[in-house]
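Each ligand, and each atom within it, is numbered from 1 in the order the structure gives.
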Amino acid sequence: MEQTGWGGEWITLDAQGAMNVPPNPNIGFIEGDGTGPDIWAATRPVLDAAILKAYGGSRKIHWGELLAGEKAVEETGHPLPMKTIDMIRKCVVAIKGPLTTPVGTGMRSLNVTLRRVLDLYACIRPVRYFPGIPSPVRHPERVDMVVFRENTEDVYAGIEWESGSLEAEKLAHFLYDNFNVTLPERAGVGIKPMSPTGTKRLVRQAIAYALQRGLPSVTLVHKGNIMKYTEGAFRKWGFELARDEFADRTVAESDLQEGKSPEGKVVIKERIADSMFQQVLLRPEEYSVIATPNLNGDYLSDALAAQVGGLGMAPGANVGDEAAVFEATHGTAPKYAGLDKINPGSLILSGVMMLDHLGWAEAATLIQQAMERTIGEGIVTYDLARQMQGAKEVGCSRFGRAIIEHMD
Ligand code: NAP
């Protein structure tokens, strides 16, 4: 394979889109803005230490920095250089810190741009509890879910026009003239596109994920009782996909005999979104993988993160057919930038997801277990320490080092 300036080999994709991961892959990282450099500096040694410990030097990531955000503007004059996008495609796998979205410049979020340009259509957010972390619910340990949120469609597609704009007025006239639909005067208008292709590729990833990991169910969460041809269609297309592509390995909840799921099959459930918000509070143990449109997924993943202790510990990934970018789900938290204070847990756990994605499960497990032990001993950053009795508060980099020390 071709060697690079980074010293490793490239990950490649075969004709079916499966990854071939060499033992020494080149992986791109974007430090991010604000506290991004703090959390990346704490995360990278944890990932490297776990890989060394798990594989004794036979596997190693060759990191290459990719520019985005303020650092990219300083060095290239552009916040998201084309070279960065090309290199993420070349690497197939990358990890990033948070990026600032400039307010009032009219520029779209860099994160949204990255997802759109690379067609990273599934936003994946695992939510699980680490014992010892303060939680607002009585049984946070019952929460163990992975949200697959559709990333490219729905009201987030950016098709909207301001109140009073020429476009909004034209659209109002078009609707009235053609469909006898009257909008409220001076209404701003947004459009909610949802397609069979967009839905099915998301649900396909969610079911494949559940099957690979032996998880019990995939729940389609939608608001189809009200929005029949978008959210309702999401439900319909989701079941269609399960039937057409995974007939022998899935079963619809409505087809279960006496409520029991056959050995080795993933149960496909469906829930209305508002009811699901109750369910995840009252009966979280009944849900495992969740597949849902963009807006529902945005709300649900943050609500679930709150159940297990907040965004400081919530990892995420944006995954398409040709690339995957793993990222901290919180923002740049600029007031803590450079203070070595913020919780790096979200980025470290995103790194755990990345190792899992590479098929390096042993290293991923080492970090998870070490993080459990570290938090279990009350060694945490300020955000968790301020809610815990008897915590030993440490800074960002010290928390990372404590995880490495707990890898035995
Ligand atoms: P934020 O950066 O997430 O920070 C809000 C607050 O959340 C912080 O002040 C802090 O609370 C807490 N927090 C966030 N990350 C934490 C961590 N790792 N450890 C502990 N506490 C943490 O939200 P924001 O201030 O609304 O956004 C700032 C910038 O980030 C904006 O430009 C926004 O567009 C951008 N952003 C980027 C991404 C991304 O790149 N994926 C995502 C969201 C926002 P306390 O002050 O209470 O300690």
Q) Do Trp6 and Cys91 have side chains that get closer than 4.5 Å, going by heavy atoms? A) yes
Q) What atoms of ligand 1 come within less than 4.0 Å of a heavy atom belonging to Asp383? A) 19 (N), 20 (C)
Q: Output the list of atoms in ligand 1 that are nearer than 4.0 Å to some heavy atom of Lys96, sorted by atom number.
A: 40 (O)
Q.
Is the ring pair Trp40/Phe29 parallel, tilted or perpendicular, if the boundaries are 30 and 60 degrees?
A. parallel
Q.
Counting only nitrogen or oxygen atoms and a 3.5 angstrom limit, does Tyr336 reach ligand 1?
A. yes
Q.
My understanding is that we take every heavy atom of each candidate and find the minimum distance to atom 8 (C) of ligand 1. Doing that for Ala333, Ala328, Ala68, which one comes out nearest?
A. Ala333
Q.
Heavy-atom pairs closer than 4.0 Å: do any link ligand 1 to the side chain of Asn111, the backbone, both, or neither?
A. side chain
Q: Using heavy-atom distances, let me know which of Gly32, Ser109, Ala337, Gly331 sits nearest atom 23 (O) of ligand 1.
A: Gly331
Q: Counting heavy atoms only, name the option from His330, Met313, Arg386, Lys335 that's nearest to atom 14 (C) of ligand 1.
A: His330
Q: Would you mind running through ligand 1 and noting each atom that sits below 4.0 Å from a heavy atom of Thr100?
A: 32 (O)
Q.
Could you tell me if Arg401 sits above the aromatic ring of Phe399, with its cationic atom closer than 6.0 Å to the ring centre and no more than 45 degrees from the axis?
A. no
Q: Determine whether the side chain, the backbone, both or neither of Asn343 has a heavy atom under 4.0 Å from any heavy atom of ligand 1.
A: both
Q. Side chains of Glu285 and His139: donor-acceptor distance under 3.5 Å anywhere?
A. no
Q.
Run Lys341 and Asp38 through salt bridge (Lys or Arg N to Asp or Glu O under 4.0 Å) and show every step you take.
A. CA-CA 8 Å; Lys341 184 175 170 74; Asp38 303 47; over 6 Å; no
Q. Would you say Tyr382 and ligand 1 have an N/O pair spaced under 3.5 Å apart?
A. yes
Q.
With side chain to side chain donor-acceptor pair (under 3.5 Å) as the test, pick out the partner of Asp356 among Gln212, Gln368, Arg213.
A. Arg213
Q) Is the closest side-chain heavy-atom distance between Leu110 and Leu114 below 4.5 Å? A) no
**Q.** Short side-chain donor-acceptor distance under 3.5 Å, Arg59 and Asn24
**A.** no
Q. Between Leu99 and ligand 1, does any nitrogen or oxygen pair lie at a separation below 3.5 Å?
A. yes
Q) Which atoms from ligand 1 have a heavy atom of Glu327 less than 4.0 Å away? A) 41 (N)
